[in-house]
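A short worksheet on the structure shown next.
First the proteins, then the strands, lettered A, B, ... as listed; each starts at 1.
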There are 2 protein chains.
Amino acid sequence: MAKEIVITPEIEAYRREVAEIPYVSSKLTLDKPIELSSGDVLDGVEIAYDTWGTLNDDKSNVILIEHALSGNSHVADAYRKGRFAEGWWNRMVGPGKAIDTRKHYVICTNVIGGCSGSTGPSSIIPGTDRCYAMDFPVLLVKDMVDAQKAFLDQLGIERIEAVVGGSLGGMQALVWAKRYPDMVERCIAVATTWRTSAQSIAFDEVGRRAIINDPKFNDGHYTKEDPPAHGLAIARMIGHITYLCDESMTRKFGRTLIGDNIDFTMKKDFQVESYLEHQGYKFVERFDANTYLYITRAIDYFSLSHSLEGVTKRFKGTKTKFLLLSYSTDWLFTTSQMRELSDALVRAGAHVTFAELTYPFGHDSFLLEEDVQARYFKAFLEGGEDDR
Amino acid sequence: MAKEIVITPEIEAYRREVAEIPYVSSKLTLDKPIELSSGDVLDGVEIAYDTWGTLNDDKSNVILIEHALSGNSHVADAYRKGRFAEGWWNRMVGPGKAIDTRKHYVICTNVIGGCSGSTGPSSIIPGTDRCYAMDFPVLLVKDMVDAQKAFLDQLGIERIEAVVGGSLGGMQALVWAKRYPDMVERCIAVATTWRTSAQSIAFDEVGRRAIINDPKFNDGHYTKEDPPAHGLAIARMIGHITYLCDESMTRKFGRTLIGDNIDFTMKKDFQVESYLEHQGYKFVERFDANTYLYITRAIDYFSLSHSLEGVTKRFKGTKTKFLLLSYSTDWLFTTSQMRELSDALVRAGAHVTFAELTYPFGHDSFLLEEDVQARYFKAFLEGGEDDR
């Protein structure tokens with residue numbers, strides 16, 4: 001299934017532009033311990049991060065990008081280890097893109113609890129030779145944000161021009177605006193919600209059970225070479241269905257068979273089955289099962305407030321400007337949830353732009369759609385410059 | 001979680017009425033082999049069935065009820081083994097109900113491939129001492145219907161006043177009308193579709209993978225005492241989420257915790273998690289994992305025709321009258337799919353009544369709602385008597 005890319009002159013020109021953008025991919029160890037919502041304390045926390053562009057003299061051009069469940073710090077295209085590598089949101093972030101790495105100093109960190117360089121369940125417990133596994137403390141989205149705050153503190157960054165994210169990334173962006181309103185000028189939250197619904201919790205829980213019930217899970221003590229692959233693949237397949245929508249699956253697969261005729265088999269017979277299995281097991285190669293548990297748990301616990309009135313109260317008088325975008329076919333984090341949030345923020349007196357974009361790829365639309373979404377981003381990021 | 005029922009005088013009176021309805025619960029062995037769509041032949045097929053009421057002299061008052069994925073032949077309330085036992089559709093079928101067992105001779109059979117008395121994967125292969133397990137042939141809904149046809153033939157029943165079902169039951173009802181139009185006067189199909197969508201296939205496939213990947217599954221050769229419980233429970237949990245809807249889950253559970261505060265745990269912490277787990281493992285006690293595979297497979301393969309034009313062509317000139325009902329919150333088998341079917345049948349010149357009912361419990365609404373649905377059933381069943 002590897003894509004063969006024909007390198008056109010346009011692509012070559014673009015890649016040269018990418019190569020000209022200053023790029024750092026590194027790790028930073030926090031010099032202070034992090035106190036978590038659970039009461040646990042994490043010491044020696046490492047944050048994996050990537051940056052693109054140049055921090056200006058008054059350190060006012062920082063855009064912080066937050067990743068979703070399966071993301072990492074590689075948000076934009078870059079030459080990593082000498083090779084061109086695609087970023088997960090390269091449609092929106094890069095030279096000349098809506099989030100322009102020529103103008104902005106773009107930072108993206110891997111969340112704590114993650115498995116792409118930052119401290120998480122697969123990290124070694126300081127002073128021991130074993131990894132945390134299930135001894136890692138259960139996190140909230142708030143804790144992920146607080147770790148990022150400590151990271152920025154250490155870099156001496158005191159101002160965020162915009163914090164931007166979709167899905168779990170949007171939750172983090174909203175929590176940034178909630179906890180550090182004086183630091184965050186703009187907040188862009190896409191395809192997300194103000195609190196995770198019972199249905200989302202239910203899907204997450206089934207995925208977690210699939211992992212935990214896999215005999216190879218062994219209470220979290222598996223090796224990288226022999227992970228609970230079936231359980232994690234099942235979890236990913238469930239997740240994947242919720243990232244698409246009936247419409248996109250019908251368009252993409254419909255009832256198309258793998259062969260010419262139905263096979264009367266329990267094995268894969270429809271293309272959608274083969275696609276799902278491929279997605280599930282491909283995920284196992286790049287993702288850690290324990291991290292899947294911890295991050296989905298943080299998502300489940302996410303709630304800006306117990307009520308919409310609470311949201312309004314909490315954001316009263318905020319100076320942060322909000323851009324909220326939902327997708328019409330996103331049934332995981334719906335437009336109606338986003339509208340509730342928008343209304344609650346407007347009632348708080350906040351400057352809010354809210355739009356529902358029409359795009360037929362469900363929740364994943366925010367990763368796939370670059371036309372209308374990019375225009376909203378640009379207008380919001382540029383439009384604000386006059387009245388700063 | 002057992003419900004405590006207070007026996008009021010009304011309940012007592014109703015139970016006396018139930019006791020007065022002639023009731024048979026039995027098995028019948030088909031005297032001819034069944035040839036399946038796969039080309040396989042099943043011999044000595046047993047059909048578990050229940051009947052309520054009395055067959056009239058001209059055998060014209062038969063109502064055939066079709067069950068859904070996890071159903072059985074016990075559709076209505078009855079005294080079984082001397083004890084009052086609830087039927088799975090007792091809101092709609094019984095004395096004085098929309099499908100009135102005082103007037104009609106109601107028949108319900110367990111589908112072949114099932115695990116509630118009819119021949120299925122847990123049955124013994126004739127002439128051997130081992131059960132079919134995964135050697136059972138893969139079935140289509142058409143095969144389930146053909147086995148029922150053979151069953152009715154053997155009873156000497158040549159006319160069906162109405163064939164009625166929801167979900168997989170609705171698919172069977174539609175296939176009855178497609179294959180045996182001269183036999184079926186009326187067809188009531190509720191919360192179903194004319195072909196299973198890619199999204200539904202995807203959910204089914206993940207459930208099947210969860211079962212097949214469970215080490216206890218052992219290629220279908222497990223014992224009743226030690227089944228692939230975790231896999232089947234996961235499959236049921238996924239299914240269960242699709243039978244509800246975001247709205248009903250929010251109403252029922254929202255984000256309510258089991259305890260007073262969040263527990264920072266990977267174990268169950270939200271009530272919705274505890275509910276799902278309960279549903280999953282309760283299901284394991286009463287259902288067979290192999291049957292789960294076979295029946296979901298039949299559902300996936302279900303398609304009245306490759307296209308809506310094909311449906312119209314196939315039903316051209318049919319004399320069968322159709323009542324099609326969908327539920328507004330059913331996102332598994334949506335109103336839009338049902339509307340497509342209705343239009344295709346109308347184009348075929350069929351007599352169709354189609355309505356979308358508003359009820360906030362998703363796909364399961366057809367099992368839970370008895371007010372509007374019952375009125376539609378009654379009007380449709382009684383209204384037709386004038387012009388027979």
Side-chain angles (χ1 to χ4, degrees), chain A residues 36-40 134 137-140 195-203 205-206 208-210 212-215 230-231 233-234 237-238 240-241 244-246 249-250 252-256 262-266 268-273 275-277 280 293-294 297 300-301 303 306 331 334, chain B residues 36-40 134 137-140 195-203 205-206 208-210 212-215 230-231 233-234 237-238 240-241 244-246 249-250 252-256 262-266 268-273 275-277 280 293-294 297 300-301 303 306 331 334:
Chain A
L36 303 171
S37 308
S38 60
D40 293 293
M134 294 285 277
V138 170
L139 300 171
L140 303 189
R195 61 169 182 188
T196 304
S197 74
Q199 192 185 56
S200 297
I201 296 172
F203 278 121
E205 170 66 2
V206 183
R208 283 192 296 267
R209 280 315 115 194
I212 291 174
N213 289 342
D214 187 322
H230 290 323
I234 293 282
M237 289 185 214
I238 297 168
H240 207 83
I241 301 173
L244 306 177
C245 64
D246 194 27
M249 294 182 92
T250 299
K252 199 163 179 176
F253 309 106
R255 297 179 45 82
T256 312
I262 75 167
D263 224 4
F264 296 96
T265 178
M266 287 304 158
K268 299 180 297 286
D269 206 7
F270 291 98
Q271 288 190 6
V272 65
E273 297 175 308
Y275 170 81
L276 263 191
E277 185 175 324
L293 301 180
Y294 279 87
R297 205 52 175 154
D300 292 353
Y301 279 137
S303 171
H306 288 302
W331 59 279
T334 62
Chain B
L36 302 172
S37 308
S38 61
D40 292 293
M134 294 285 277
V138 170
L139 300 171
L140 303 189
R195 62 170 181 186
T196 303
S197 74
Q199 192 185 59
S200 297
I201 295 172
F203 278 121
E205 170 66 1
V206 182
R208 282 192 298 269
R209 281 312 116 196
I212 291 173
N213 289 342
D214 187 323
H230 291 322
I234 293 283
M237 289 185 215
I238 297 168
H240 207 84
I241 300 173
L244 306 178
C245 62
D246 194 26
M249 293 183 92
T250 300
K252 201 165 178 175
F253 308 106
R255 297 179 45 82
T256 312
I262 75 167
D263 223 4
F264 296 96
T265 179
M266 287 302 161
K268 300 179 297 288
D269 205 7
F270 291 98
Q271 288 189 6
V272 64
E273 297 175 307
Y275 170 81
L276 264 191
E277 185 175 327
L293 301 180
Y294 279 86
R297 204 53 173 155
D300 292 352
Y301 279 136
S303 172
H306 288 303
W331 59 278
T334 61

key: Shortest non-hydrogen contact from A:Pro215 toward B:Pro215   = CG-CG, 3.3 Å
Chain B interface, residue from [options] that has the most non-hydrogen pairs under 4.5 Å:
options                                : result
A:Asp263, A:Ile201, A:Leu244, A:Leu276 : A:Ile201
A:Phe270, A:Tyr301, A:Tyr294, A:Phe203 : A:Tyr301
A:Ile238, A:Thr334, A:Thr250           : A:Ile238

Trace of the side chain to side chain contact (heavy atoms under 4.5 Å, CB included) decision for B:Ile262 with A:Leu140 = CA-CA 11 Å; B:Ile262 75 167; A:Leu140 303 189; 3.8 Å; yes
Side chain [X], main chain [Y], donor-acceptor under 3.5 Å:
X        : Y        : answer
A:Arg255 : B:Arg195 : no
B:Arg209 : A:Glu277 : no
A:Arg297 : B:Thr265 : yes

Kindly indicate whether the side chain of [X], heavy atoms from C-beta on, has any atom under 4.5 Å from the side chain of [Y].
X        : Y        : answer
B:Met249 : A:Ser197 : no
B:Val272 : A:Glu205 : no
A:Pro137 : B:Phe264 : no
B:Asp300 : A:Asp269 : no
B:Val206 : A:Val206 : no

inquiry  = Using a strict threshold of under 4.0 Å (side-chain N to carboxylate O), is an ion pair present between B:Arg208 and A:Glu273?
reply    = yes
message = side chain to side chain contact (heavy atoms under 4.5 Å, CB included), that's the test. Do A:Asn213 and B:Asp214 meet it? Break it down for me.
response = CA-CA 9 Å; A:Asn213 289 342; B:Asp214 187 323; over 6 Å; no
request  = Measure B:Lys268 against the heavy atoms of chain A and call it side chain, backbone, both or neither at under 4.5 Å.
outcome  = both
Interchain contact, B:Thr256 with chain A, by part (heavy-atom threshold 4.5 Å) = neither
request  = Would you mind checking which part of A:Ser37 comes under 4.5 Å of any heavy atom in chain B, side chain (CB onward), backbone (N, CA, C, O), both or neither?
outcome  = both
By side chain to side chain contact (heavy atoms under 4.5 Å, CB included) - contacts of B:Ala233 (at least two apart) = B:Met237, B:Tyr281, B:Val284
